[in-house]
Amino acid sequence: MIKYRLACGNCNQTFDSWFASSKEYEKLKKKNFLTCHICNSQEVEKTLMAPKLIHGKNKQKNHLDIEKINDIKKTIKGYQKFIKNNFEYVGKNFAYEARTIHYDKKKNTKGIYGTASEKDIQELNEEGIETQLVPWFQDNDN
Ligand SMILES: [Zn+2]
């Protein structure tokens with residue numbers, strides 16, 4: 001007896017089937033005797049790789065992705081905390097405030113943070129005003 005994992009091309013489900021031999025599988029396949037256990041489609045194929053492994057890997061990958069995202073979020077939240085403590089929030093006046101600081105060359109000015117459009121950022125860069133883009137999560141975002 002040989003166990004194959006079959007995959008359905010119609011409903012994308014996989015299921016295990018037992019065959020007397022690989023030849024029997026081929027025979028049944030040729031005669032279209034193989035049908036999907038879920039939707040009865042005849043588009044079933046023997047899968048080449050062990051789907052359990054693939055499935056497991058995918059699961060792990062998703063898990064890692066979530067961990068990664070949480071890590072990144074944590075890092076960003078850390079930045080946010082730092083920025084909030086050390087920079088002055090200027091909201092949408094960011095471009096204006098950035099220019100004021102740059103052209104007035106104010107000394108001991110706290111750094112500022114706020115929101116700016118891509119165009120603002122580009123114009124500031126062209127004027128030699130350095131800005132840094134920080135990904136930002138709203139406070140109500142977990
Ligand atoms: Zn199916």
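Note that the structure is a prediction, hence the values are computed from the model and not measured. Whatever order the structure lists ligands and atoms in, that order sets their numbers, starting from 1.
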Which atom pairs, donor and acceptor, lie under 3.5 Å between side-chain atoms of residues 22-39 and protein residues at least two apart or in another chain?
from: E24; atom 1: OE1; to: A20; atom 2: N; distance (Å): 2.9
from: Y25; atom 1: OH; to: K46; atom 2: N; distance (Å): 2.9
from: K29; atom 1: NZ; to: V44; atom 2: O; distance (Å): 2.8

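Checked against salt bridge (Lys or Arg N to Asp or Glu O under 4.0 Å), K3 has the following partners two or more places apart in sequence or in another chain: D16. Taking Y89 as the reference, Y113 meet the ring pair (Phe, Tyr, Trp, His ring centres under 6.0 Å) condition, with sequence neighbours excluded.
Counting heavy atoms from C-beta on, the side chains of E127 and R99 come closer than 4.5 Å. With contacts defined as side-chain heavy-atom distances shorter than 4.5 Å, the pair L6/F15 qualifies.
For the Zn ion (ligand 1), protein N, O or S atoms under 2.8 Å: 4 in total.
Cluster annotation: Y103 and I101 are assigned to the same hydrophobic cluster (Ile/Leu/Val/Met/Phe/Trp/Tyr, side-chain heavy-atom contacts under 4.5 Å, transitive).
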